[in-house]
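The residues of the chain are indexed from 1 along the displayed sequence.
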Amino acid sequence: MKKTTMAGNAAVRKRQRFAKRAERLRTEIDDLEEALFSVNEKDPELRCSYLETFRTEIMRSFVLSLHLAIEDLLRAILFDFVARQNRRLTKKETIRIVNDLRSADLIHWCGRLNLLSPRHYDALLELNRIRNRCAHHWLLDLPSSKRVGPKGKRKRITVPAVSYQNKSLFAKRTFVDDFSPVYSGLYLKLLFRVWKMQGKL
């Protein structure tokens, strides 16, 4: 009975410790939001503009972080394959070969070596395209326009700065309902594959 009570008290203290830490982190995040993006600006027009920027930057950050995470997993998968296929290479040489590959080349090599299914290969090429748009373009919430159609009947259409499945990636529904489930799911599949490969599962 005494041991059960002690374990219960320890669990309560642990929850309280994490609750306090979470409060501190929430306060720190709020301070960062205000310092970097002025999300509490008093002027409503400016506040709206700053919040729109903050919203876009949250999405951009997610895309970049997700791409980096998946890229690391692909490097682990390719490293394992090369190390098993060519034992003349030292571990250091294999790591250098894999790490020197650019993102697109990494995806292409994983595809050529059948380390990815055709569906996942296509999805990762699309993610790489989206990452490039997010990384190399500053204003992601400003659409552009282009003319389409045959001569004499051309019309001007609006084109999102970053598209996914012919829609603006930065529309909430597209980002949350379409993009995030596909690539979060792909990340988890690759993560479990790497863990299994490394004997963690």
Side-chain angles (χ1 to χ4, degrees), residues 14 17-18 21-22 24-26 28-29 32-33 35-37 53-140 160-165 168-170 174-201:
K14 185 177 180 181
R17 191 165 66 250
F18 277 106
R21 185 179 173 192
R24 286 197 302 272
L25 287 168
R26 179 70 264 175
E28 187 176 332
I29 290 168
L32 285 168
E33 290 174 2
L36 299 176
F37 295 97
T53 299
F54 182 47
R55 172 184 175 277
T56 300
E57 292 308 318
I58 289 172
M59 294 178 178
R60 186 206 302 264
S61 176
F62 181 81
V63 170
L64 298 179
S65 295
L66 184 62
H67 184 277
L68 283 171
I70 288 176
E71 189 177 287
D72 273 358
L73 295 174
L74 290 181
R75 291 190 194 282
I77 291 167
L78 184 58
F79 171 84
D80 179 73
F81 178 85
V82 174
R84 284 187 289 105
Q85 296 297 317
N86 191 337
R87 299 190 182 278
R88 287 180 296 177
L89 290 170
T90 66
K91 181 179 179 182
K92 190 174 181 179
E93 289 171 331
T94 306
I95 290 172
R96 189 174 68 249
I97 289 168
V98 172
N99 285 349
D100 282 350
L101 290 172
R102 295 182 306 116
S103 298
D105 294 333
L106 176 63
I107 296 167
H108 285 307
W109 274 111
C110 286
R112 289 185 192 118
L113 296 171
N114 294 319
L115 301 175
L116 293 168
S117 70
R119 183 167 61 89
H120 289 162
Y121 173 74
D122 290 341
L124 289 174
L125 286 179
E126 175 69 352
L127 177 61
N128 197 62
R129 180 192 68 79
I130 289 169
R131 188 290 305 261
N132 287 342
R133 293 290 297 178
C134 290
H136 301 300
H137 291 76
W138 176 37
L139 298 174
L140 298 176
V162 186
S163 62
Y164 178 67
Q165 296 179 347
S168 172
L169 176 68
F170 292 100
T174 304
F175 199 91
V176 173
D177 296 342
D178 300 330
F179 175 82
S180 295
V182 169
Y183 288 101
S184 296
L186 179 51
Y187 164 77
L188 289 174
K189 283 182 181 177
L190 293 172
L191 178 64
F192 290 142
R193 179 174 168 183
V194 169
W195 279 356
K196 189 174 182 180
M197 191 177 72
Q198 294 175 344
K200 296 178 181 178
L201 288 178

* Asked: Under the side-chain hydrogen bond (donor to acceptor under 3.5 Å, both in side chains) test, which residues partner Tyr164, sequence neighbours left out?
  -> none

* Output the distance between atom CG (Leu190) and atom OH (Tyr183), rounded to the nearest 0.5 Å. => 11.5 Å

* Asked: Can you name the residues that form a side chain to side chain contact (heavy atoms under 4.5 Å, CB included) with Arg24, not counting sequence neighbours?
  -> Lys20, Arg21

* Asked: In chain order, what residues pass the side chain to side chain contact (heavy atoms under 4.5 Å, CB included) check against Asp100, with sequence neighbours excluded?
  -> Arg96

* Asked: Of all residues at least two apart in sequence or in a different chain, which pass the side chain to side chain contact (heavy atoms under 4.5 Å, CB included) check with Ser61?
  -> Ser65

* To do: Applying side-chain hydrogen bond (donor to acceptor under 3.5 Å, both in side chains), name anything that partners Thr90, two or more places apart in sequence or on another chain.
  => Glu93

* **Sequence-distant partners of Phe192, ring pair (Phe, Tyr, Trp, His ring centres under 6.0 Å), two or more places apart** => Trp195

* To do: Over all heavy atoms of both residues, which pair between Asn128 and Ala104 is shortest? Give the atoms and the distance, please.
  => ND2-CB, 3.8 Å

* To do: Not counting sequence neighbours, list each pair that qualifies as a salt bridge (charged side-chain N to carboxylate O under 4.0 Å, His left out) and has a residue in residues 54-67.
  => Glu57-Arg60

* Within-4.5 Å side-chain heavy-atom neighbours: Leu186 and Val182 -> no

* **Nearest-0.5 Å distance that lies between atom CG in Leu124 and atom CD1 in Ile130** => 11.0 Å

* **Thr94 side, atom OG1; Asp80 side, atom CG - distance, nearest 0.5 Å** => 10.5 Å

* Taking only residues two or more places apart in sequence, or in another chain, which ones meet Asp72 in a side chain to side chain contact (heavy atoms under 4.5 Å, CB included)? -> none

* Asked: Val63 versus Arg133: any side-chain heavy-atom pair under 4.5 Å?
  -> no

* Asked: Roughly how far, to the nearest 0.5 Å, is OG of Ser103 from CD1 of Ile70?
  -> 11.0 Å

* Straight-line distance of Asn132 CG to Leu64 CG, nearest 0.5 Å -> 10.0 Å

* Asked: Is there side-chain contact between Ile29 and Arg26, with heavy atoms separated by less than 4.5 Å?
  -> yes

* Structure fact -> Rounded to the nearest 0.5 angstrom, the CG-CG distance for Leu127 and Asp122 is 12.5 Å

* Arg129/Ser163 under side-chain contact (heavy atoms from CB on, under 4.5 Å): CA gap, chis, key distance, verdict -> CA-CA 10 Å; Arg129 180 192 68 79; Ser163 62; 3.7 Å; yes

* **Within-4.5 Å side-chain heavy-atom neighbours: Glu71 and Leu106** => yes

* Asked: Between Thr174 and Gln165, is a side-chain contact (heavy atoms from CB on, under 4.5 Å) present by the stated rule, with each step listed?
  -> CA-CA 9 Å; Thr174 304; Gln165 296 179 347; over 6 Å; no

* Could you give all pairs that pass the ring-ring contact (aromatic ring centres under 6.0 Å, His included) test and reach residues 57-88, with sequence neighbours left out? -> Phe62-Phe175

* Decide side-chain contact (heavy atoms from CB on, under 4.5 Å) for Arg131 and Leu68; before the verdict, give the C-alpha distance in whole Å, the side-chain angles of both, and the deciding distance to 0.1 Å. => CA-CA 9 Å; Arg131 188 290 305 261; Leu68 283 171; 5.6 Å; no

* To do: Can you sort out the partners of Arg17 under side-chain hydrogen bond (donor to acceptor under 3.5 Å, both in side chains), two or more places apart, ordered by chain and number?
  => none

Expected list for residues 109-119: side-chain donor-acceptor pairs under 3.5 angstrom, two or more places apart:
| unit_1 | atom_1 | unit_2 | atom_2 | d |
| --- | --- | --- | --- | --- |
| Ser117 | OG | His120 | N | 3.1 |
| Ser117 | OG | His120 | ND1 | 3.4 |

* Structure fact -> side-chain hydrogen bond (donor to acceptor under 3.5 Å, both in side chains) filter on Gln198, not counting sequence neighbours, yields Lys200

